[in-house]
Asker: 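Take a look at this one; I'll ask things after.
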Amino acid sequence: MKNKIISMILSTLLGYGILSWITSQTQSLTLGVMVTLIWMAFYLFLRHKTKECPSLTKVEQFVIFLLTIMLLSYTNLTIERPLSFLTRPYTISIISNDSTHPIEISEISVNNETINLALFSETSDWSYQETLSTTSNTPLTLSGLTNESINVSFLKTSKSGSVSIYQNDTLIKTLDLSSNTEYSFKTKISKDFLILLIPAYIGTICMVYLSFSKLFQWCQLKVNAPFLIFKKDLSTHGILYVSLPILFLTLFKWTALTNISLRPYLLALFFVIMPMIEVILFKNNPIKSSKTNACRMIFYLLYASILTMIGMQVIYFFPNFDVAMTWITHHVNLIFLSSTIIFSMSVLCFCLFNHLVLAIGVSTLLMIGVAIANFYKMLVVGEPIYPSDVSMITNLTDIIGYVKDLLSPTVLTALFIGVTLFIICSFIFRQGFKLSMKQRVVLFTLFSIYLGSIFYYEKTPLKTLVNQTVYFTKWNQLNNYQQNGFLFGFITNLQNELMIKNENYNEKNMTDLVDYYTKKAKDYNESKESSQLPNIITIVSESLSDPLVFDQLTFSEDPLSNLRQYMRTYSSGQFLSPFKGNRTANVEFEYLTGFSNSLLLEGTIPFQQALSTKDKIPSFISFMTDFGYSSVAIHPNNPAFYKRKVVYPAIGFQRFLSINNMKNLEYIESEKYVSDESVFNELYDELIASDQPLLAYGLTMANHIAIFDQKFGDNTIEVVNSTGEHETEMETYAEGLKQSDVALKEFITKIEQYDEPTIVIFFGDHLINFQSDIHERHGYIEKDTDAARTKMFFETPLLIMSNLEDFSIENIHDISPIFIAPIVLKELNLPLSPFYLFLLDLYDQFSVLHNNFKLDANQNQVDELTDEQEQLLLALELIQYDILEGKEYTAATFFNAPN
C-alpha cells in the first residue's frame with residue numbers, strides 16, 4: 001500500500017513536471033498532455049524490458065544524476081511558469097511618480113507577443129503617439145494575468161522621473177528613468193506561486209533521471225555487460241572530483257536562472273561554497289595523482305575566470321547591481337565564452353611563472369584593472385575603451401591626471417587590498433602543482449593560438465561559434481558593449497575597419513569621378529586668382545559651447561558675451577559637431593580633411609587607425625601649402641595623444657608646437673591645463689614672426705574635462721535651476737568659458753588692428769559631458785534622430801572673423817565641419833581643387849551630415865534622399881574610402897587645384 005501511494009505521488013509529480021515544461025515552452029496544454037502520455041508509455045515499456053536487469057550501483061546512480069543535471073543545464077530545460085490554470089489571476093500596474101512628466105513606453109509584451117499600444121488610446125489618461133505616454137498618476141494596468149511572462153520597455157527621456165510597478169497592491173520594483181539605470185521591467189513568475197514551480201522542476205528532473213536510468217539498464221541488458229566499467233577503487237568522491245570543473249559550470253548556470261531578487265545572494269553563496277567543496281572532495285578523494293592535480297588546476301582557473309568575468313560586468317554596470325545581475329542571467333553562454341579568454345590568459349601566465357596563484361592573480365588584476373579603466377572612461381567621455389585606445393598606454397600618467405579627481409578612495413583601497421592579498425597568497429602557495437617544461441611549451445602554444453583565433457575570429461574557424469553567441473552592432477558601440485560585455489565588445493572592434501567597402505568602388509568609377517570634377521575645377525578656376533592670400537588662423541576651443549541654450553537654468557552673467565557680440569558683427573553660425581562630449585580628434589579629422597564621420601563605422605578613430613599609418617594625406621593644410629603658405633599646429637598637451645605627433649605632419653603641417661616646446665605656458669588656476677590665453681598668445685607670436693602667408697591651427701585645452709571645484713579659481717557666475725538650486729558644476733564650467741571669452745576678445749582685438757589681411761575661424765569642438773544630468777533634463781536622448789530636438793546637443797558657436805573689408809559669408813546657420821574650408825576659400829575667390837568643388841556641390845544639397853540626421857541647404861531635416869543627393873553621398877563615400885582604405889586612385893590630382 002505504501003509503495004502504491006509513493007508511486008501515485010511520483011507519477012503525479014512526473015506528469016505535472018512534463019506538462020509544466022511543455023506548456024511553458026509551447027503554451028499548448030494539449031501538446032503537454034500528449035507528450036506526458038507518450039513518455040509514460042515509453043517508461044513503462046523500458047521498465048518491463050529491464051525487470052531482470054541487476055539494480056544500478058550507487059556509483060552508476062550518481063553518474064546518471066550528474067548527467068541529468070548537466071543535460072538539464074546545457075539544453076536549457078527551464079520552466080518560465082507553471083500551469084496557468086492552477087494560478088490565481090493578478091494585476092500588474094505601472095504608475096508615474098511625477099505627475100508633471102510623462103512616462104514613455106516603447107513596448108509591452110505578454111508571453112513574448114507584443115501588445116498594440118494603440119489599444120490604450122481610448123482612455124483619457126493614456127495616449128498613443130510615437131510611444132505610450134501618461135500625463136497623470138493614473139496607472140497603466142494589465143489585469144487577468146496568470147503568471148504570463150511580462151516585458152515592459154520604457155523609453156528613457158530627460159523629463160522622465162521614476163516609475164513604480166505593482167503586483168496587485170504590492171510594490172515589486174521602482175525604476176529611475178532619468179538616470180543610467182535599467183529601464184526595462186521583466187517578470188516571469190510571481191513569488192506567490194513558487195510552490196507550483198518547485199514541483200514542476202522536481203518532476204522534470206525525475207523524468208530525465210528515470211529515462212537515463214532505464215536506458216542505462218536496457219543498454220546493459222542488450223550488451224549483456226556493464227555499460228560503464230569502473231575501477232574497484234573509484235568512489236563517489238572520485239567521480240565527483242574528476243567531474244568538478246564541469247559540475248561547477250553546470251551549477252553556475254542553474255544559479256544564474258534563479259529569481260532575480262535571490263540571485264545576488266545565491267551567486268555569492270555559490271562562489272563561497274564551491275572552493276570549500278573542492279577542498280573537502282580533494283581531501284577525501286582516495287585517488288591522489290597527476291590527474292586529480294590537473295582537475296584541481298582546471299577548477300581554480302575556471303573559478304577565477306568566471307568570477308573575474310562577473311566582476312568586470314559588475315564594474316561596467318556599477319552602481320546598477322540589478323542590471324548587472326540581469327545581464328548575467330541572460331548571457332550565461334556569453335560568460336562561458338568570455339571566461340575562456342581569461343582562462344587562456346591565466347594558463348599563459350601559468351606557463352610563464354609556473355605558479356598557479358601568481359598566474360591567476362596577474363590575469364585577474366589585469367582584467368579588473370582594465371574594467372576599472374573602462375568604467376572611468378565611460379564616466380568621463382561616455383564611451384568604452386576601444387582597441388585604438390591601446391596605443392595611448394604610453395601616456396598613462398597623463399590619462400590618470402585627467403581622472404585622478406574622480407578616483408574613489410574605495411576603488412584605490414580595494415585595489416591596494418587586492419594586490420596585497422595577491423602577494424601574500426603567492427608567497428604562501430609558492431609550492432604547488434607544477435608543469436614540466438614540455439607541458440609549459442605545449443600549453444603556451446595551444447592557448448596562444450586560441451587567443452589569437454578568438455581575437456581575430458572573423459578569419460578563423462571560431463567565427464561560427466562566436467557569431468552564435470555575440471551580436472555585434474557596428475553602428476551602436478554602447479549597445480555592443482552592453483550586449484556582449486566588455487571583452488567581446490572590445491574584441492569585435494578588432495575586426496572593425498574604418499569603412500565598409502561599397503560595391504561601386506572600382507578604378508573606372510573613381511577615374512570618371514576625377515575626370516568630371518577636374519574639368520569642372522578647370523572651368524571654375526579660369527576666373528579665379530591667388531593674388532590675395534590672407535593669413536588663416538583656425539582655433540578649435542576645447543569643449544566650448546553656449547550654455548544659455550539650457551532654458552531651465554538661469555545665469556547671473558553671460559559667460560560668452562564677447563563671442564556673442566563678435567558673432568553679430570562678423571560671419572557666424574552654428575558648428576554642428578559630429579560628437580557630443582568627446583572625440584576631439586574625429587572632429588579635427590572632419591574639419592582638416594573634408595571627410596565625414598557619418599560614413600565611418602562607429603567607434604573608429606581615423607587619426608589612430610588610418611592617418612597615422614600614411615606618409616601623406618590630402619587636407620586643407622596640404623592644399624594651402626601649394627599656394628605658398630607656411631603652416632603650424634599648436635596644442636598644449638602631450639603630442640602622442642591620438643598620435644598627433646605623427647598625424648599632423650602627414651596632413652601637411654610643417655611644424656607642431658605641443659606642450660613640450662610652446663613658449664607661452666601659463667596655466668589655469670588649478671594648474672590642471674594650459675590656459676586658452678597662452679594658446680592665443682602663441683598663435684599671435686607665430687603670426688607676427690612669419691614672413692609668408694600663415695596657416696595656423698590652435699587646439700586649446702583649458703575647458704577639457706574633468707570639472708571640479710576651484711578648477712578656474714573662484715566662480716564669479718551663479719547658475720540656478722528651475723527649483724532655485726545652484727548648479728555648481730555648470731558654474732565652474734561657465735567660469736572657464738568666461739576666461740576663454742576674455743582671452744578671445746584680446747586676441748580678436750589684436751587681429752582687428754593687425755596690418756596684414758587675416759581670417760580667424762573659431763569654433764568649439766563639442767559640448768562637455770557633465771557628471772550631472774543637465775543634458776538629460778533638457779531633452780537629450782542617445783541616438784535621437786529628430787534633428788529639431790537633438791541638434792542643440794551638438795551645436796557650438798562658429799565665428800569666421802576677418803579684418804578684410806569685403807569678406808563676408810552669409811546664411812551659414814548649422815554647418816558640418818567638412819564644409820567650412822571650401823566656403824571660406826570660395827569667398828576668398830581662390831582657385832579650388834576638384835575635391836573642394838565636389839564639397840561645394842554637396843553643400844548645395846546638405847548643410848549638415850551627422851551620424852544621426854541630415855539637414856538640407858535650407859536647414860530642413862532630410863528623411864528621404866533625392867536621386868541627386870544619393871549620388872553625391874555615394875561619391876563622397878567612394879572618395880573617402882579610396883583615401884582611407886582603398887587604392888588611392890584619386891590621390892594624385894583630385895585634391896590639388898588643376899593647372
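Predicted model only: the values in this text are computed from it and were never measured.
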Asker: Would the number of heavy atoms belonging to other residues, nucleotides or ligands and lying under 6.0 Å from NZ of Lys522 be above 12?
Answerer: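 Count not over threshold, so no.
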Asker: So which atom in Phe589 and which in Leu600 form the shortest heavy-atom distance, rounded to 0.1 Å?
Answerer: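 Taking every non-hydrogen atom into account, CE2-CD1, 3.9 Å.
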Asker: Just checking, any donor-acceptor pair under 3.5 angstrom between side chains of Ser622 and Lys616?
Answerer: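 Not at all, the side chains of Ser622 and Lys616 share no donor-acceptor pair under 3.5 Å.
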Asker: Considering only heavy atoms from C-beta outward, does the side chain of His635 approach that of Ser658 to under 4.5 Å?
Answerer: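 No - every pair of side-chain heavy atoms lies 4.5 Å or more apart.
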Asker: Start with the C-alpha gap between Ser545 and His766, add the side-chain angles, then the distance that decides, and say whether side-chain hydrogen bond (donor to acceptor under 3.5 Å, both in side chains) holds.
Answerer: CA-CA 7 Å; Ser545 63; His766 52 66; over 6 Å; no
Asker: Report the C-alpha distance between Glu752 and Tyr570 in whole Å, list the side-chain angles of each, state the deciding distance to 0.1 Å, and finish with yes or no for side chain to side chain contact (heavy atoms under 4.5 Å, CB included).
Answerer: CA-CA 11 Å; Glu752 288 175 331; Tyr570 299 106; 2.5 Å; yes
Asker: Just how far is it from atom CG of Leu798 to atom CD1 of Ile761, taken to the nearest 0.5 Å?
Answerer: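 Leu798 atom CG to Ile761 atom CD1 measures 8.0 Å (nearest 0.5 Å).
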Asker: Apply the test ring pair (Phe, Tyr, Trp, His ring centres under 6.0 Å) to residues Phe595 and Phe835: give CA-CA distance (whole Å), side-chain angles for both, the deciding distance (0.1 Å), then the verdict.
Answerer: CA-CA 10 Å; Phe595 296 147; Phe835 179 58; 5.6 Å; yes
Asker: Does Ile883 reach the side chain of Phe895, with side-chain heavy atoms less than 4.5 Å apart?
Answerer: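 Result yes, sub-4.5 Å side-chain heavy-atom pair found.
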Asker: Is any NZ, NE, NH1 or NH2 atom of the basic residue among Lys519 and Asp523 found under 4.0 Å from an Asp or Glu carboxylate oxygen of the other?
Answerer: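 Judged by the 4.0 Å cut-off on N to carboxylate O distance, Lys519 and Asp523 do form a salt bridge.
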Asker: I want to check a possible cation-pi pair here: Lys580 against Tyr780, using under 6.0 Å from ring centre and within 45° of the ring axis as the test.
Answerer: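 Yes - Lys580 lies over the ring of Tyr780, closer than 6.0 Å to its centre and within 45° of its axis.
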Asker: Any ion pair linking Lys614 and Glu888 (charged N to carboxylate O, less than 4.0 Å)?
Answerer: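 Salt bridge: yes.
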Asker: So do Leu699 and Ile539 actually touch side chain to side chain, heavy atoms under 4.5 Å?
Answerer: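 Of all side-chain heavy-atom pairs linking Leu699 with Ile539, none is under 4.5 Å.
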Asker: Might you point out which heavy atoms bring Thr785 and Phe853 nearest each other, and give the distance in Å?
Answerer: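 For Thr785 and Phe853, the tightest heavy-atom pair comes out as O-CB, 3.9 Å.
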Asker: Is there a side chain to side chain contact (heavy atoms under 4.5 Å, CB included) between Leu828 and Ile759 once you walk through the steps?
Answerer: CA-CA 10 Å; Leu828 287 172; Ile759 294 172; 3.6 Å; yes
Asker: Can you check whether Phe763 reaches Thr538 side chain to side chain, under 4.5 Å on heavy atoms?
Answerer: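 Phe763 vs Thr538: side chains touch.
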Asker: Partners of Tyr843 by ring-ring contact (aromatic ring centres under 6.0 Å, His included), sequence neighbours excluded?
Answerer: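 By the ring-ring contact (aromatic ring centres under 6.0 Å, His included) rule, Tyr843 matches Phe819.
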Asker: How long is the gap from CZ on Phe555 to CZ on Phe550, to the nearest 0.5 Å?
Answerer: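 That separation rounds to 8.0 Å.
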Asker: Can you measure from CD1 (Ile818) to CG (Leu842) and round to the nearest 0.5 angstrom?
Answerer: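 It is 5.5 Å, given to the nearest 0.5 Å.
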Asker: Quiz question: by atom type and distance under 3.5 Å, do the side chains of Ser678 and Glu666 form a donor-acceptor pair?
Answerer: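 Not at all, the side chains of Ser678 and Glu666 share no donor-acceptor pair under 3.5 Å.
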Asker: Please report the C-alpha distance between Asp676 and Leu744 in whole Å, then the side-chain angles of each, then the deciding distance to 0.1 Å, and finally whether the side chain to side chain contact (heavy atoms under 4.5 Å, CB included) criterion is met.
Answerer: CA-CA 8 Å; Asp676 284 4; Leu744 176 66; over 6 Å; no
Asker: Mind running salt bridge (Lys or Arg N to Asp or Glu O under 4.0 Å) on Lys520 and Asp841 for me, showing each step along the way?
Answerer: CA-CA 11 Å; Lys520 190 169 184 176; Asp841 280 355; 2.5 Å; yes
Asker: Could you go through the side-chain hydrogen bond (donor to acceptor under 3.5 Å, both in side chains) check for Ser630 and Gln654 one step at a time?
Answerer: CA-CA 7 Å; Ser630 63; Gln654 295 163 351; 4.8 Å; no
Asker: For the residue pair Phe793 and His778, establish whether any side-chain heavy-atom pair is separated by less than 4.5 Å.
Answerer: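 They are in contact (side-chain heavy atoms under 4.5 Å apart), so the answer is yes.
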Asker: Can you establish whether the number of heavy atoms outside Asp615 located under 6.0 Å from its atom CG is more than 12?
Answerer: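 Atom CG in Asp615 is not packed in, count stays at 12 or less.
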Asker: Ser833 side chain to Ala897 main-chain N or O, any donor-acceptor pair under 3.5 Å?
Answerer: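 Not confirmed, Ser833 side chain does not pair with Ala897 backbone.
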Asker: Should Glu588 and Arg644 count as an ion pair when the cut-off is N to O under 4.0 Å?
Answerer: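 A salt bridge is present here (some side-chain N lies under 4.0 Å from a carboxylate O).
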Asker: Quick check: do Glu735 and Pro559 have side-chain heavy atoms less than 4.5 Å from each other?
Answerer: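 Glu735 vs Pro559: side chains apart.
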Asker: Measuring from Asn715:CG to Asp709:CG, what's the distance to the nearest 0.5 Å?
Answerer: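 Output value for this atom pair is 8.0 Å.
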Asker: Checking Glu731 against His726: is there a side-chain donor and acceptor pair closer than 3.5 Å?
Answerer: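 Their side chains do contain a donor-acceptor pair, which is all the 3.5 Å distance test asks for.
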Asker: Taking the side chain as C-beta and beyond, is there a heavy-atom pair between Ile823 and Leu840 under 4.5 Å?
Answerer: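 In contact.
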Asker: Using only atom types and a distance under 3.5 Å, with no angle test, would you say the side chain of Asn562 pairs donor to acceptor with the backbone of Lys745?
Answerer: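 Not a single qualifying donor-acceptor pair exists.
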Asker: Does a side chain donor of either Asn851 or Ser598 reach within less than 3.5 Å of an acceptor in the other side chain?
Answerer: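 Their side chains do not contain a donor-acceptor pair, so the 3.5 Å distance test is not met.
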Asker: State, to 0.1 Å, how close Leu694 and Asn535 come at their nearest heavy-atom pair, and which atoms those are.
Answerer: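 Heavy atoms only, the tightest pair is N-OD1, 2.9 Å.
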Asker: Can you name the nearest heavy-atom pair linking Asp814 to Ser847, along with the distance?
Answerer: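 Result for this residue pair: O-CB, 3.4 Å.
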Asker: Angle between ring planes, Phe623 versus Phe627, binned at 30° and 60°: parallel, tilted or perpendicular?
Answerer: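 The rings of Phe623 and Phe627 stand perpendicular, inter-plane angle above 60°.
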Asker: For the atom pair CD (Glu590) and CG (Asp765), what is the distance rounded to the nearest 0.5 Å?
Answerer: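 Separation between the atoms: 12.5 Å.
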Asker: Which heavy-atom pair separates Phe838 from Leu876 by the least distance, and what is that distance?
Answerer: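 Minimum heavy-atom contact is CZ-N, 3.5 Å.
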Asker: Would you check if the side chain of Gln880 reaches a backbone N or O of Ser596 as a donor-acceptor pair within less than 3.5 Å?
Answerer: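 Yes, Gln880 side chain to Ser596 backbone: donor-acceptor pair under 3.5 Å.
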Asker: Is there a side-chain hydrogen bond (donor to acceptor under 3.5 Å, both in side chains) between Asp784 and Asn852? Walk through the geometry before answering.
Answerer: CA-CA 7 Å; Asp784 191 358; Asn852 299 342; over 6 Å; no
Asker: Can you check side-chain hydrogen bond (donor to acceptor under 3.5 Å, both in side chains) on Glu542 and Thr700, steps first, answer last?
Answerer: CA-CA 5 Å; Glu542 173 64 46; Thr700 70; over 6 Å; no
Asker: Look at Arg564 together with Asp546 and state whether they make a salt bridge at an N to O cut-off of under 4.0 Å.
Answerer: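 Answer for the salt bridge query: yes.
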Asker: Taking the basic N atoms (NZ, or NE/NH1/NH2) and the acidic carboxylate oxygens, is any pair closer than 4.0 Å for Lys791 and Asp786?
Answerer: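 No, no charged N to carboxylate O under 4.0 Å.
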Asker: Check the orientation of Phe620 and Tyr591. Use parallel for under 30°, tilted for 30 to 60°, and perpendicular for over 60°.
Answerer: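 The rings of Phe620 and Tyr591 stand perpendicular, inter-plane angle above 60°.
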Asker: Quick one: are Glu727 and Glu718 in side-chain contact, heavy atoms under 4.5 Å?
Answerer: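 A side-chain contact is absent here, since even the closest heavy-atom pair is not under 4.5 Å.
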Asker: As an exercise, state the distance from CG of Leu687 to CG of Asp685, rounded to the nearest 0.5 Å.
Answerer: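 Spacing of CG (Leu687) from CG (Asp685) equals 9.5 Å.
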Asker: How are the rings of Phe794 and His850 set to each other: parallel, tilted or perpendicular (split at 30° and 60°)?
Answerer: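 Perpendicular, since the angle between the ring planes exceeds 60°.
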Asker: Salt bridge or not between Glu682 and Lys663? Use side-chain N to carboxylate O under 4.0 Å.
Answerer: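 Salt bridge absent between Glu682 and Lys663.
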Asker: Which heavy atom of Pro757 sits nearest to which heavy atom of Asn803, and what is that distance?
Answerer: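 Smallest heavy-atom distance, with atoms named: CA-OD1, 3.3 Å.
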Asker: May I ask you to establish whether Lys854 and Phe846 are in a cation-pi arrangement, using a distance under 6.0 Å from NZ or CZ to the six-membered ring centre and at most 45° from the ring axis?
Answerer: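 Verdict for Phe846: no cation-pi partner in Lys854.
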Asker: Could you label the plane-to-plane angle of the Tyr697 and Tyr648 rings as parallel, tilted or perpendicular, counting under 30° as parallel and over 60° as perpendicular?
Answerer: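 Geometry flag for Tyr648 against Tyr697: perpendicular rings.
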Asker: Could you check Tyr836 against Lys826 for side chain to side chain contact (heavy atoms under 4.5 Å, CB included), going step by step and ending with a plain yes or no?
Answerer: CA-CA 9 Å; Tyr836 281 140; Lys826 178 183 179 182; over 6 Å; no
